[in-house]
Amino acid sequence: MFGYILPLKNELKVKDFNKFRTYYCSICSAIKNKFGNIPRIGLNYDITFFAILLDGLTVEDSKKFTSSCIKHPLEKREFFSSNAIDYSSDLNISLIYYKLLDDKLDNNSLVPPLLLKLFYPFYKKITFKNLDNILNENLSNLHIIENSSSLYSLDEICHPFSDIIGKILKEYPYEINEDSPLTRNNLYNFGYSFGKWIYLIDALDDLKADMEPTVRKNINFNPIEKAFNINNLPYESFIKSIKSNIDFILISLIANCTENLKKLPIKSNKEIIENVINLGLMNVYTNIFTKL
């Protein structure tokens with residue numbers, strides 16, 4: 001999973017941070033109720049943001065209920081129930097399954113195929129089959145790029161994952177505020193820039209390790225290296241040559257997310273959503289970029 005979509009806690013009101021955590025717990029509860037306890041291990045804050053965003057756009061309000069959980073068996077806690085939470089729960093399971101499938105295709109280890117086989121019964125329980133279509137088509141295209149010796153531009157390499165996030169949001173199968181082709185396209189455009197930023201920040205974070213065979217037995221695919229390292233430079237020389245370019249690209253993508261977010265008819269959770277996009281992304285980016 002990604003691991004880069006986080007609020008900037010110090011700039012978030014206590015009630016909003018607690019609400020963010022309540023969404024996390026609510027997705028965890030939804031996964032348990034539908035898929036069982038084991039798949040809950042793969043939940044992270046990234047999926048939580050998708051639930052918060054879609055709930056903020058959805059016409060129907062989320063419902064509240066109280067229950068205990070495995071981490072707090074003696075304490076009643078507040079949870080939310082909504083279509084967005086159910087959709088995000090299926091999304092979490094789908095992403096884990098396709099990550100395991102990608103691991104199986106990328107190496108000959110016996111572990112990913114075994115995990116894939118163990119996880120398959122959970123994956124078969126997903127309700128929102130559009131997620132499977134979106135992920136299957138785009139990740140297949142991405143796998144072709146990763147294993148090709150042809151030259152690709154950065155936009156071409158990033159497109160499959162960017163399209164995944166754009167379509168996951170655009171094809172949310174419930175009514176949203178001011179629902180129309182224009183609103184859905186604005187949601188896609190936001191998701192596309194958001195997905196591209198996620199894909200590239202992950203690539204930047206992994207770039208050094210991906211380029212050092214001593215760290216990982218084989219040189220791993222990295223979209224930044226694939227697009228820009230045409231002279232096969234070692235990491236230290238390569239990062240110096242592209243640092244300003246990558247800085248411009250990632251900052252521009254954050255700006256695109258901010259501008260596209262303004263076009264979305266968000267009715268709730270606005271403070272949390274704006275905190276993640278306007279502050280959280282920049283905080284994650286700064287922490288990674290300063291270590292290069």
Open item on the list: Check for me, please, whether Y188 and L54 land in the same ILVMFWY cluster - side-chain distances under 4.5 Å, paths through other members count.
Closed with: no

TODO: Run the numbers on N92 and F50 for side chain to side chain contact (heavy atoms under 4.5 Å, CB included), then give the verdict.
DONE: CA-CA 10 Å; N92 188 76; F50 288 108; over 6 Å; no

Open item on the list: Show the nearest heavy-atom pair for residues L142 and I157, with the distance to one decimal.
Closed with: CD1-O, 3.7 Å

Task: Heavy-atom closest contact (I27 atom, A51 atom, distance) - done: CD1-CB, 3.7 Å

TODO: Examine distances only and state if a side-chain atom of N229 and a backbone atom of L233 form a donor-acceptor pair shorter than 3.5 Å.
DONE: yes

Open item on the list: Is it true that, when you exclude K64 itself, more than 12 heavy atoms of the residues, nucleotides or ligands shown sit nearer than 6.0 Å to its NZ?
Closed with: no

Open item on the list: Determine whether a donor-acceptor pair (N or O, by modelled atom type, separation under 3.5 Å) exists between the side chain of T290 and the backbone of T286.
Closed with: yes

TODO: In sequence, state the C-alpha distance, the side-chain angles, and the governing distance for K15 and K19, and then conclude on side chain to side chain contact (heavy atoms under 4.5 Å, CB included).
DONE: CA-CA 6 Å; K15 69 178 181 63; K19 190 175 188 181; over 6 Å; no

Open item on the list: Does either side chain, that of D205 or that of Y4, offer a donor lying less than 3.5 Å from an acceptor on the other one?
Closed with: yes

Task: S29 side chain to S26 side chain, donor-acceptor N/O pair below 3.5 angstrom - done: no

Task: Spacing of CE belonging to M211 relative to CG belonging to N232, to within rounding of 0.5 Å - done: 8.5 Å

TODO: Look only at the side chain of N260 and the backbone of N256, and say whether a donor-acceptor pair between them is shorter than 3.5 Å.
DONE: yes

TODO: To the nearest 0.5 angstrom, please state how far the CD1 atom of I85 sits from the CD1 atom of I47.
DONE: 13.0 Å

TODO: Answer with yes or no whether the hydrophobic clustering places L8 together with F194; edges join I, L, V, M, F, W, Y residues whose side-chain heavy atoms lie under 4.5 Å apart.
DONE: no

Open item on the list: Treating S252 as the side-chain partner and F248 as the backbone partner, does any N or O pair qualify as donor plus acceptor under 3.5 Å?
Closed with: yes

Task: Pairwise side-chain contact, N185 with K170, heavy-atom cut-off 4.5 Å (strictly under) - done: yes

Task: Minimal non-hydrogen separation, E156 against I145, with atom names - done: O-CD1, 3.6 Å

TODO: Decide whether N147 and H143 meet the rule of one side-chain donor and one side-chain acceptor closer than 3.5 Å.
DONE: yes

Open item on the list: Assigning hydrophobic clusters by single linkage (Ile, Leu, Val, Met, Phe, Trp, Tyr; side-chain heavy-atom cutoff under 4.5 Å), is L135 placed with Y120?
Closed with: yes

Open item on the list: Looking at I38, I'd like to know if its CD1 atom is crowded, meaning that more than 12 non-hydrogen atoms belonging to other residues, nucleotides or ligands lie closer than 6.0 Å.
Closed with: no

Task: Short side-chain donor-acceptor distance under 3.5 Å, D163 and N138 - done: yes

- [ ] Check the side chains of N269 and Y23 for a donor-acceptor pair under 3.5 angstrom, ignoring hydrogens and angles.
- [x] yes

TODO: Measure the spacing between CG of N287 and CE of M282 and express it to the nearest 0.5 Å.
DONE: 11.5 Å

Open item on the list: For F119 and Y97, I'd like to know if the aromatic rings sit close, meaning centre-to-centre distance below 6.0 Å.
Closed with: no

Task: Ionic contact status for D86 with K34, cut-off 4.0 Å - done: no

Open item on the list: Quick check: do T183 and I176 have side-chain heavy atoms less than 4.5 Å from each other?
Closed with: yes

Task: Between T58 and Y172: side-chain donor-acceptor atoms closer than 3.5 Å - done: yes

TODO: With side chain to side chain contact (heavy atoms under 4.5 Å, CB included) as the test, would you mind laying out the steps for I168 and L91 before giving the verdict?
DONE: CA-CA 8 Å; I168 280 171; L91 173 60; 3.4 Å; yes

- [ ] May I ask you to test the E171-L131 pair for a side-chain heavy-atom distance under 4.5 Å?
- [x] no

Task: Test log, rule side chain to side chain contact (heavy atoms under 4.5 Å, CB included), inputs D102 and E146 - done: CA-CA 11 Å; D102 186 58; E146 289 177 355; 4.2 Å; yes

Task: Side chains of P160 and L139 in contact at under 4.5 Å (non-hydrogen atoms) - done: no

Task: F20-Y45 aromatic ring centre distance below 6.0 Å - done: yes

- [ ] Establish whether L12 and L279 are linked, either directly or via other cluster members, by ILVMFWY side-chain heavy-atom contacts under 4.5 Å.
- [x] no

- [ ] Drop me the distance from C28's SG to N33's CG, to the nearest 0.5 angstrom.
- [x] 9.5 Å

Open item on the list: Is the shortest side-chain heavy-atom distance between K263 and L187 below 4.5 Å?
Closed with: no

Open item on the list: Once you measure the plane-to-plane angle for Y174 and F128, does it fall in the parallel (<30°), tilted (30-60°) or perpendicular (>60°) bin?
Closed with: perpendicular

Open item on the list: Tell me whether K13 at atom NZ has more than 12 heavy atoms from other residues, nucleotides or ligands lying less than 6.0 Å away.
Closed with: no

Task: Heavy-atom side-chain proximity of K226 to N222 below 4.5 angstrom - done: no

Open item on the list: Tell me the closest heavy-atom pair linking C158 and Y199, and the distance in Å.
Closed with: SG-CD2, 3.8 Å

Task: Taking every non-hydrogen atom, the tightest pair across A203 and P223 - done: CB-CG, 3.4 Å

TODO: Nearest 0.5 Å please: distance from the OG1 atom of T258 over to the CG atom of L281.
DONE: 7.5 Å

Open item on the list: If hydrophobic clusters are built by linking Ile, Leu, Val, Met, Phe, Trp and Tyr wherever their side-chain heavy atoms come under 4.5 Å apart, do Y192 and L57 end up in the same one?
Closed with: no

Task: Side chain to side chain, D202 and W197, heavy atoms closer than 4.5 Å - done: no

- [ ] Determine the sole option in L154, L204, I224 for which the side chain to side chain contact (heavy atoms under 4.5 Å, CB included) test with I249 is passed.
- [x] L154

Task: Taking every non-hydrogen atom, the tightest pair across E175 and R184 - done: CA-NH2, 4.4 Å

TODO: Measure from the side-chain N and O atoms of D46 to the backbone N and O of I5, and report whether any donor-acceptor pair falls under 3.5 Å.
DONE: yes

TODO: May I ask you to test the F190-I277 pair for a side-chain heavy-atom distance under 4.5 Å?
DONE: yes

Open item on the list: Please report the interatomic distance CD1(I31) to CG(L43), rounded to the nearest 0.5 Å.
Closed with: 5.0 Å

Task: More than 12 heavy atoms of other groups within 6.0 Å of F65 CZ - done: yes

